[in-house]
Amino acid sequence: MTEAAMKVPGGKMVRVSLDSADSKIRKVVITGDFFLHPEELIQELETQLQGHQIDRSQLTSTIEEFLRRNNATLIGASAADLASVIVSAYSR
Amino acid sequence: MDDMRFIDLQTHTAHQNMAIDESIMLALERGSVPPTLRLYRWKPSAVSIGTFQGMRQEVDVDFCRSKKIDVVRRITGGGAVYHDYEGDITYSIILPKGHPLALDDIPSSYERLCQGLVMGFQELGIESQFVPINDILAGGKKLSGNAQTRRHECLLQHGTVLVDLDVQMMFSILKVHPEKISDKLVTDVKQRVTSVRDLLGTRVPMEQVRDALKSGFTKALGVNLVPGKLTARERLTAVRLVRQKYSTDAWNFLR
């Protein structure tokens, strides 16, 4: 697993542990001191991202769509922030 | 004024405190208890981490074990917090969905509920401000951190009041990461937190802080605090939740 972290300006810490192969996510764990409502969605999101291409704008879209579809509220970070940290972890 | 059950300052273990919060939510969902405010302390002293945090990433677990400091994962997001028995009062407010104080917009609801603390601090002679997302600052330093979850058809917001601060201990326990410091452009993390004692220049008894918080919540939230206790069922549920969830590695080391 590779790791990356980012403090969102005016927001919270996002950390990613990433296992990748062929520029796709095999497994991702997203931790940090942000808020996500409902909280259980974090595991669903991580599962949904398995097999996803590690591409900043595609990841941002997928995560945004996930949040929208689930009526979720992410506070202290945005979908783009999560995507950014995943990409950073990949570049390590 | 709306009535609110008030469970006065009690001391429990970390696992018990988290279990009691959830137990009250479940009771409120059943409609068997009223909206509730509780104040509590943590004994032994403990660390709680946010629900999305990695325990070992945030906490020196070996150090905690060696000092017999409890560790627990909360059901709320947010960060890692050291709850010093000698220096921390924590509040939990539990409201049913749709309650006038449980605003739909989460960022606004933090501000609304945190007014209880701002008013309480004012009673102690401390000027403080709510700062989004979930902090209360005095003199630019953090005096209270707060976290919210919405589940079981209720809202739970809980947060700390830093009555006194053992900075050395806090920073032995919590793994403070360089990124967090550099964003604030502060090289010394000790400059970012404060306590009632630091601000007033004197140690204030817990009971006095309790009285100020009680008064602050009453005035700011427009509620009538009615002294009450956990029901027998709430207590039983809390015991079960300690055993099945909050004392387990499966929960606490989930991430």
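- Between the side chain of A:Arg15 and the main chain of B:Gly54, no donor-acceptor pair closer than 3.5 Å is present.
- Interface remark: B:Thr51 contributes side-chain atoms only to the contact with chain A (heavy atom separation under 4.5 Å).
- Atom CG of B:Leu254 and atom OG1 of A:Thr31 lie 11.5 Å apart (nearest 0.5 Å).
- If you measure heavy-atom distances from B:Ala80 to chain A, you find no contacts under 4.5 Å at all.
- A:Phe34 is not listed as a side-chain neighbour of B:Ile133, based on a closest heavy-atom distance of 4.5 Å or more.
- How far OG of A:Ser17 is from CZ of B:Arg255: 9.5 Å, rounded to the nearest 0.5 Å.
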- Would you sort out whether A:Asp33 and B:Glu58 count as a side-chain contact (heavy atoms from CB on, under 4.5 Å), showing the intermediate values? CA-CA 10 Å; A:Asp33 62 348; B:Glu58 303 297 336; over 6 Å; no
- Message: Between B:Arg151 and A:Glu40, is the side-chain contact (heavy atoms from CB on, under 4.5 Å) condition met? List the steps.
- Response: CA-CA 10 Å; B:Arg151 63 179 77 195; A:Glu40 299 68 50; 3.7 Å; yes
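- Salt-bridge check for A:Glu39 with B:Arg150: failed, with every basic side-chain N at 4.0 Å or more from each acidic carboxylate O.
- Dense packing is recorded around CG of B:Asp105, with more than 12 heavy atoms of other residues, nucleotides or ligands lying under 6.0 Å away.
- Considering CD of B:Gln148 and NE2 of A:His37, their distance stands at 6.0 Å, rounded to 0.5 Å.
- For B:Gly78 against A:Phe35, the heavy-atom pair with the smallest separation is N-CE2, 3.4 Å.
- Looking at B:Ile49, there are no atoms closer than 4.5 Å to chain A (heavy atoms on both sides), in backbone or side chain.
- Within a 6.0 Å sphere centred on NZ of B:Lys175, other residues, nucleotides and ligands contribute more than 12 heavy atoms.
- Separation of atoms CZ (B:Phe52) and CD (A:Gln43) is listed at 8.5 Å; rounding is to 0.5 Å.
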